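Throughout, numbering of the chain's residues begins at 1 and tracks the sequence. Keep in mind it's a predicted model, so treat the numbers as computed, not measured.
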Amino acid sequence: MSGPARAPAPDTAALAARFPRGFAWGVSTSAYQIEGAVAEDGRGPSIWDVFSHQPGRVRHGDHGDVACDHYHRAEADLDLMAALGVRAYRFSVAWPRVLPDGVGAVNAPGLDFYERLVEGLLARGIRPVLNLYHWDLPQALQARGGWGHPDAAAWFADYASVVAGRLGDRVAHWITINEPQVFAFTGHADGRHAPGLRDWPTALRVADAALRAHAAAAERIRAHASGARVGVALDLNLVQPATASDEDAAAAARQMAVRQRWFLDPLFGRGYPVEAVALHEAA
C-alpha cells in the first residue's frame, strides 16, 4: 500500500540564485520568547513578565518564564543554526538582563551572556544582527512612566551605549527597536500587549518617544561601532481600498497615515503627516 505522494525536494541552489548577491539566509528570535531564566543571574523583571502573569491577559496563562530555555541551551541552539546552514541570526538583547533597573548599574552576567552569544555566532560563521529592543521594557522604568516618560529616549540611548560599548567591535548590523507601532498602539492604546494600557494620548507619546529613541540610539551605536549598519524594524502594511468608491479610498488613506506613515514620514524627515495629526487630535 503506497503512502501519500511527496513533493519534490526544492532546488535550493536555484532558489538562492534568485536573490541578490550577498543576501544572507537567516533566522530571528526575541529574548522574551526564547530565553527563559527570567529571575537568574541578576535579571530584573520586564513589563512582559508582569503582564503575562496577570490573569486573563494571555491565552492559557502562558508566559516566558522558561520558554525555550535558550539562556541555558545557547551553545546547542547555535550548533542547530550552524547545522541548518544559517548565515545570519537576528536576536534581541533583554534590556532588564543588562540593566535590571533600566538605568544605572550594569548587570555583568547578563552582558556576558550576549558576548558569549556573539562570539559563538562568529565562531560558526553566522552574522550577528543585534536588536536592542523587542518590547521587554524593564518594569522598573514602567513604574516611572515607561515609554511615556519624557526621559524614555535618553534611557534607551544610555542602554544602547552600554551594549554597543561591549559588542560594537564585533557586531556590524544593528536594529534599534522592533515594531514600534505594535508596542506603542497595541500595548498602550488597545491594551492587548504589555503594559496593557488603553490610553490614546499615552500611545502617541510612546510612538514619538520610540522614534526619538531610535535616532538617539543610532548615534550612540555608531560612536562605538565604526561603520555599523543601523536600522529600525517597522511593522508595515499596504492598505488598499476595498472598492473604487471615494469613501473606501479615503478610509485607506487615513489608515495609511495614522499607522504606517506615522512612523515612515518622520524617519524620512517629512515630519508627522498633517492629516493624521488632525485625526489624532480629534480622537
Side-chain angles (χ1 to χ4, degrees), residues 30 47 51 90 92 95 102 131-137 141-142 144-160 173-223 228-283:
S30 74
I47 56 174
F51 181 82
R90 197 212 81 158
S92 75
W95 189 345
N131 174 30
L132 283 169
Y133 185 74
H134 200 127
W135 310 349
D136 50 358
L137 184 76
L141 293 184
Q142 183 62 36
R144 296 171 61 177
W147 280 104
H149 191 283
D151 294 335
W155 294 337
F156 187 70
D158 289 344
Y159 160 58
H173 295 78
W174 296 75
I175 298 171
T176 55
I177 294 174
N178 181 80
E179 298 176 333
Q181 181 192 121
V182 176
F183 74 81
F185 295 123
T186 311
H188 295 82
D190 302 334
R192 293 186 289 111
H193 282 190
L197 302 182
R198 294 179 180 271
D199 187 286
W200 261 108
T202 297
L204 293 175
R205 287 196 298 271
V206 170
D208 183 70
L211 288 166
R212 291 186 290 107
H214 161 68
E219 288 186 3
R220 301 289 187 92
I221 293 166
R222 293 187 178 110
R229 301 184 67 179
V230 186
V232 59
L234 298 181
D235 176 33
L236 299 174
N237 298 279
L238 176 61
V239 181
Q240 296 179 315
T243 72
S245 71
D246 291 344
E247 182 180 3
D248 282 356
R254 285 195 301 271
Q255 178 65 13
M256 284 294 294
V258 301
R259 289 293 176 113
Q260 319 303 319
R261 290 175 50 214
W262 193 254
F263 294 91
L264 283 172
D265 283 11
L267 286 169
F268 285 97
R270 295 190 290 266
Y272 288 111
V274 174
E275 62 272 41
V277 171
L279 288 167
H280 286 315
E281 286 177 342

Counterpart residues, side-chain hydrogen bond (donor to acceptor under 3.5 Å, both in side chains), relative to [X] (two or more places apart):
| X | value |
| --- | --- |
| Asp199 | Thr202 |
| Arg212 | Asp208 |
| Thr176 | His214 |
| Gln255 | none |

[atom1]-[atom2] distance between [X] and [Y], expressed to the nearest 0.5 angstrom:
| X | Y | atom1 | atom2 | value |
| --- | --- | --- | --- | --- |
| Ser30 | His134 | OG | NE2 | 4.0 Å |
| Thr186 | Gln181 | OG1 | CD | 7.0 Å |
| Ile47 | Asp136 | CD1 | CG | 8.0 Å |
| Leu279 | Trp262 | CG | CH2 | 9.5 Å |

| said: Arg192: which residues meet the salt bridge (Lys or Arg N to Asp or Glu O under 4.0 Å) condition with it, sequence neighbours left out? | reply: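 Result, salt bridge (Lys or Arg N to Asp or Glu O under 4.0 Å) vs Arg192: Asp190.
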| Partner set under salt bridge (Lys or Arg N to Asp or Glu O under 4.0 Å) for Arg261, not counting sequence neighbours |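 Asp265, Glu275.
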Considering all heavy atoms, the nearest [X]-[Y] contact:
| X | Y | answer |
| --- | --- | --- |
| Met256 | Val239 | SD-N, 3.4 Å |
| Ala153 | Ala209 | CB-O, 4.1 Å |
| Pro195 | Phe51 | C-CD1, 4.0 Å |
| Gln260 | Asn237 | OE1-N, 2.8 Å |
| Arg222 | Ala228 | NE-O, 4.4 Å |
| Ala213 | Ile177 | CB-CD1, 4.1 Å |

| field | Those residues that, when tested against Leu234, pass side chain to side chain contact (heavy atoms under 4.5 Å, CB included) (two or more places apart) | value |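 Counting only residues at least two positions away or on another chain, Leu234 forms a side chain to side chain contact (heavy atoms under 4.5 Å, CB included) with Pro180, Val232, Leu236, Phe263, Leu264, Leu267.
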| said: Can you list everything that forms a side chain to side chain contact (heavy atoms under 4.5 Å, CB included) with Ala216? Sequence neighbours excluded, please. | reply: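 Side chain to side chain contact (heavy atoms under 4.5 Å, CB included) list for Ala216, sorted by chain: Ala157.
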| said: Strictly by salt bridge (charged side-chain N to carboxylate O under 4.0 Å, His left out), give each pair with a member in residues 228-248 just once, sequence neighbours left out. | reply: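 Those involving residues 228-248 do not exist here.
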| query | Does any pair with a residue in residues 173-186 pass salt bridge (charged side-chain N to carboxylate O under 4.0 Å, His left out), and if so which ones, sequence neighbours excluded? | reply |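 Counting only pairs at least two positions apart or across chains, no salt bridge (charged side-chain N to carboxylate O under 4.0 Å, His left out) contact touches residues 173-186.
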| task | Would you confirm whether Gln142, through its side chain, and Leu137, through its main-chain N or O, come within 3.5 Å as a donor-acceptor pair? | result |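 Not confirmed, Gln142 side chain does not pair with Leu137 backbone.
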| task | Check ring-ring contact (aromatic ring centres under 6.0 Å, His included) between Trp147 and all other residues, then give those that pass, not counting sequence neighbours. | result |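 Trp147 satisfies ring-ring contact (aromatic ring centres under 6.0 Å, His included) with Tyr133, Phe156, Phe183 once adjacent residues are dropped.
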| task | Under the ring-ring contact (aromatic ring centres under 6.0 Å, His included) rule, collect the residues that match up with His193, sequence neighbours excluded. | result |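 ring-ring contact (aromatic ring centres under 6.0 Å, His included) list for His193, sorted by chain: Trp48, Trp135.
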Check whether any side-chain heavy atom of [X] lies under 4.5 Å from a side-chain heavy atom of [Y], and answer yes or no.
| X | Y | answer |
| --- | --- | --- |
| Phe185 | Leu204 | yes |
| Tyr272 | Pro266 | yes |
| His149 | Leu141 | no |

| request: Give the C-alpha distance, both sets of side-chain angles, the deciding distance and a yes or no for side-chain contact (heavy atoms from CB on, under 4.5 Å) between Leu197 and Val206. | output: CA-CA 11 Å; Leu197 302 182; Val206 170; over 6 Å; no
